[in-house]
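Both counts, for ligands and for their atoms, begin at 1 and track the order of listing.
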Amino acid sequence: MSQIRIGILFGGKSGEHDVSILSAESIFRAIDKNQFLVIPIGILKNGHIANAHENKQMLSSEVHSLIPNNFPYNSINISSFQLKDHVDVIFPVLHGPNGEDGTIQGCLEIADIPYVGSGVIGSSTGMDKEIMKRIFMSHQLPVLPFYSFKKYYWQEDSAEIIFQISNQIGFPCFVKPANMGSSVGISKVKYEADLKKGIELALKYDNKIIVEKGIEAQEIEVSVLGNDNPQASLPGEIIPDRDFYDYDSKYSSSNSKLVIPAILDSNSLSKIREYAIKAFSSLDCAGLSRVDFFVDKKDHEIYINEINTMPGFTKISMYPKLWEASGIGYQDLISKLIDLALERYENKIKLF
Ligand SMILES: Nc1ncnc2c1ncn2[C@@H]1O[C@H](COP(=O)(O)OP(=O)(O)O)[C@@H](O)[C@H]1O
Ligand SMILES: [Mg+2]
């Protein structure tokens with residue numbers, strides 16, 4: 001049987017450009033080379049597709065020998081039918097805005113090509129923290145109290161917004177750009193006097209803000225895999241080495257700990273797995289997602305924090321590590337995701 005050609009889209013315009021490169025390299029090294037021919041397709045920070053030379057420069061030299069040298073980097077257009085002449089499946093290992101938010105997925109729908117992960121709706125509703133939480137609530141999934149508003153309203157009546165947050169949410173609260181990731185633009189606000197500063201920081205990254213009640217919590221993550229009948233991994237716990245899991249504790253320092261499986265009573269563990277699957281299905285996700293929870297340290301109540309439809313995917317990232325602990329190794333996980341992409345595509349084309 002001839003090899004299936006997998007185009008790995010990586011890099012991208014978002015703040016998570018570098019993380020994406022690491023995930024792509026990990027996949028590149030681990031993928032079953034008998035079954036798959038991998039073509040890395042880099043996206044530069046300015047959003048353009050990298051040419052052959054730039055593509056090599058984005059990747060470390062040890063993987064250069066694996067890059068096919070006859071790929072037409074200069075003429076590739078990811079939302080064109082022509083893409084199908086060169087690759088069979090796309091793995092968009094892109095995080096954050098423009099990668100994980102339905103935009104690239106829309107291009108791939110137009111190109112009529114199978115791709116790994118959620119489609120347009122799952123990706124876009126999973127990206128916007130306000131919309132995501134409203135859908136979760138409509139499926140009786142527990143979320144912390146939140147208040148959301150747009151920039152224009154802040155400019156019009158900031159006093160009213162501060163009043164509403166103080167009354168409805170209280171302190172400490174977390175102020176977040178509605179569409180971001182990697183904790184970029186997020187702050188923990190302990191006093192009303194610091195709210196303005198937190199909101200102005202978040203407004204640098206998005207025109208919509210979400211403010212949530214802050215709790216002292218265990219941070220639990222679950223990996224979900226599948227299409228119509230998704231499965232949940234064993235839950236794991238993140239123990240940040242500081243006040244909260246901010247950008248530096250995610251990427252710069254290594255003192256944050258991952259504990260797999262999470263140390264929780266069996267009832268909470270099974271509830272979290274059930275919620276993770278329900279959350280995945282409620283947004284119509286496909287392929288993979290990591291669902292993140294808070295378990296209140298005071299009363300052990302469980303809340304869903306968020307879903308990540310294209311979680312970090314290096315060999316040592318939480319998503320693959322949770323599957324490893326649940327019996328699916330990294331190479332098999334990649335093959336399964338490609339199978340799921342093909343299955344979803346086949347089911348869709350039957351409709352036309
Ligand atoms: N409501 C909250 N209560 C307690 N901690 C929070 C809350 N919201 C966020 N955090 C902390 O901030 C981190 C980043 O927030 P999150 O909503 O997951 O944003 P991102 O999408 O950038 O990962 C969380 O991992 C957690 O450490
Ligand atoms: Mg998070």
Side-chain angles (χ1 to χ4, degrees), residues 14-16 19-20 94-101 123-133 136-137 141-148 165 168-190 195 198-199 201-202 204-206 208-224 235-253 255-259 262 276 279 283 289-313 317-319 322:
S14 84
E16 288 152 296
V19 187
S20 164
L94 298 164
H95 311 297
N98 282 311
E100 197 179 342
D101 62 353
S123 303
S124 59
T125 54
M127 188 73 219
D128 185 303
K129 292 187 190 326
E130 185 211 359
I131 306 288
M132 169 180 74
K133 281 172 207 274
F136 288 164
M137 285 163 76
L141 289 162
V143 299
L144 284 164
F146 66 90
Y147 177 85
S148 180
I165 293 170
Q168 291 182 35
I169 309 297
F171 300 94
C173 61
F174 278 79
V175 180
K176 312 178 181 181
N179 291 275
M180 254 293 142
S182 291
S183 302
V184 173
I186 295 186
S187 46
K188 178 174 179 176
V189 175
K190 292 180 184 154
L195 203 45
I199 290 172
L201 171 72
K204 288 190 181 156
Y205 300 96
D206 198 2
K208 183 161 77 172
I209 303 300
I210 182 165
V211 180
E212 288 168 27
K213 179 181 173 185
I215 58 169
E216 285 286 320
Q218 277 179 276
E219 296 200 40
I220 308 294
E221 304 191 340
V222 184
S223 296
V224 179
E237 178 171 1
I238 302 260
I239 306 180
D241 61 349
R242 59 197 73 196
D243 199 19
F244 74 95
Y245 201 32
D246 64 7
Y247 186 88
D248 285 341
S249 57
K250 284 179 180 175
Y251 302 116
S252 310
S253 86
N255 291 332
S256 297
K257 290 194 189 75
L258 308 185
V259 181
L283 302 188
S289 284
R290 199 191 70 228
V291 190
D292 299 348
F293 293 85
F294 294 133
V295 177
D296 196 321
K297 285 187 183 165
K298 278 198 212 116
D299 57 12
H300 309 290
E301 280 296 318
I302 298 166
Y303 301 95
I304 296 201
N305 173 32
E306 61 165 344
I307 192 164
N308 291 283
T309 52
M310 190 52 74
F313 203 86
S317 300
M318 193 60 145
Y319 183 86
L322 289 173

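Of the N and O atoms on the side chains of Asp292 and Asn305, not one donor lies less than 3.5 Å from an acceptor on the other residue. Side-chain contact annotation: Ser182 with Glu16, donor-acceptor N/O pair under 3.5 Å present.
Contacts with ligand 1 closer than 4.0 Å are made by side-chain heavy atoms of Phe174 only, the backbone lying farther away. The proximity of Lys188 to ligand 1, defined as any non-hydrogen pair under 4.0 Å, does not occur for either the backbone or the side chain. With a 4.0 Å heavy-atom cut-off, ligand 1 is reached by the backbone of Ser182 but not by any atom from C-beta on. Of the heavy atoms in Ile238, none comes closer than 4.0 Å to ligand 1.
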- Quick one: do Lys176 and Asp206 satisfy side-chain contact (heavy atoms from CB on, under 4.5 Å)? Show the steps, please. CA-CA 9 Å; Lys176 312 178 181 181; Asp206 198 2; over 6 Å; no
- Task: Could you walk me through whether Phe294 and Ile215 pass the side-chain contact (heavy atoms from CB on, under 4.5 Å) test, one step at a time?
- Result: CA-CA 8 Å; Phe294 294 133; Ile215 58 169; 4.1 Å; yes
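Ligand 1 lies within reach of Ile186, whose nearest heavy atom is under 4.0 Å from it. Assignment of Pro240 to the shell around ligand 1 is not supported, since no heavy atom sits closer than 4.0 Å.
Take the N/O/S atoms of Glu306: the one nearest the Mg ion (ligand 2) is OE2.
Looking at atom 13 (C) of ligand 1, its nearest protein heavy atom turns out to be Tyr245 O, 3.6 Å. Of the protein's non-hydrogen atoms, the one nearest atom 14 (C) of ligand 1 is Ser183 OG, 3.3 Å. Atom 16 (P) of ligand 1 has its closest protein heavy atom at Asn305 ND2, 3.6 Å. Looking at atom 23 (O) of ligand 1, its nearest protein heavy atom turns out to be Lys250 NZ, 2.8 Å. Considering only non-hydrogen protein atoms, atom 26 (C) of ligand 1 sits nearest to Glu219 OE2, 3.1 Å. Protein heavy atom nearest atom 12 (O) of ligand 1, with residue, atom name and distance: Phe244 CD1, 3.1 Å. In this structure, the protein non-hydrogen atom closest to atom 21 (O) of ligand 1 is Lys129 NZ, 2.5 Å.
By the 4.5 Å heavy-atom criterion applied to side chains, Leu144 and Tyr303 are counted as neighbours. Contact of the Ser123 side chain with the Glu100 side chain is not registered, since no non-hydrogen atoms from C-beta on lie closer than 4.5 Å. Contact annotation: the side chain of Ile186 never approaches that of Val175 to less than 4.5 Å [non-hydrogen atoms, C-beta and beyond]. Counting only heavy atoms from C-beta outward, the side chains of Val222 and Phe293 approach each other to under 4.5 Å.
If you number the atoms of ligand 1 from 1 as listed, the ones under 4.0 Å from a heavy atom of Glu212 come out as 1 (N), 8 (N). Heavy-atom proximity to Lys213, at under 4.0 Å, picks out these atoms of ligand 1: 1 (N), 2 (C), 3 (N). Set against the non-hydrogen atoms of Lys176, the atoms of ligand 1 under 4.0 Å away are 8 (N), 9 (C), 15 (O), 16 (P), 17 (O). Proximity to Leu144 (heavy-atom distance under 4.0 Å) selects the following atoms of ligand 1: 1 (N).
Salt bridge annotation for Asp243-Lys190: present, with a cationic side-chain nitrogen under 4.0 angstrom from a carboxylate oxygen. Salt-bridge annotation for Asp246 and Lys188: absent, with no side-chain N of the basic residue lying under 4.0 Å from a carboxylate O of the acidic one. Ion pairing between a basic and an acidic side chain is recognised when a charged N comes within 4.0 Å of a carboxylate O; Lys129 and Glu306 show such pairing.
Nearest-residue assignment for atom 3 (N) of ligand 1 (options Ile169, Ile210, Ile215; heavy-atom criterion): Ile215.
Shortest non-hydrogen contact noted between Ser223 and Met318 is OG-O, 4.1 Å.
For ligand 1, the polar-atom distance check finds no N/O of Asn308 at less than 3.5 Å from any of the ligand's N/O atoms.
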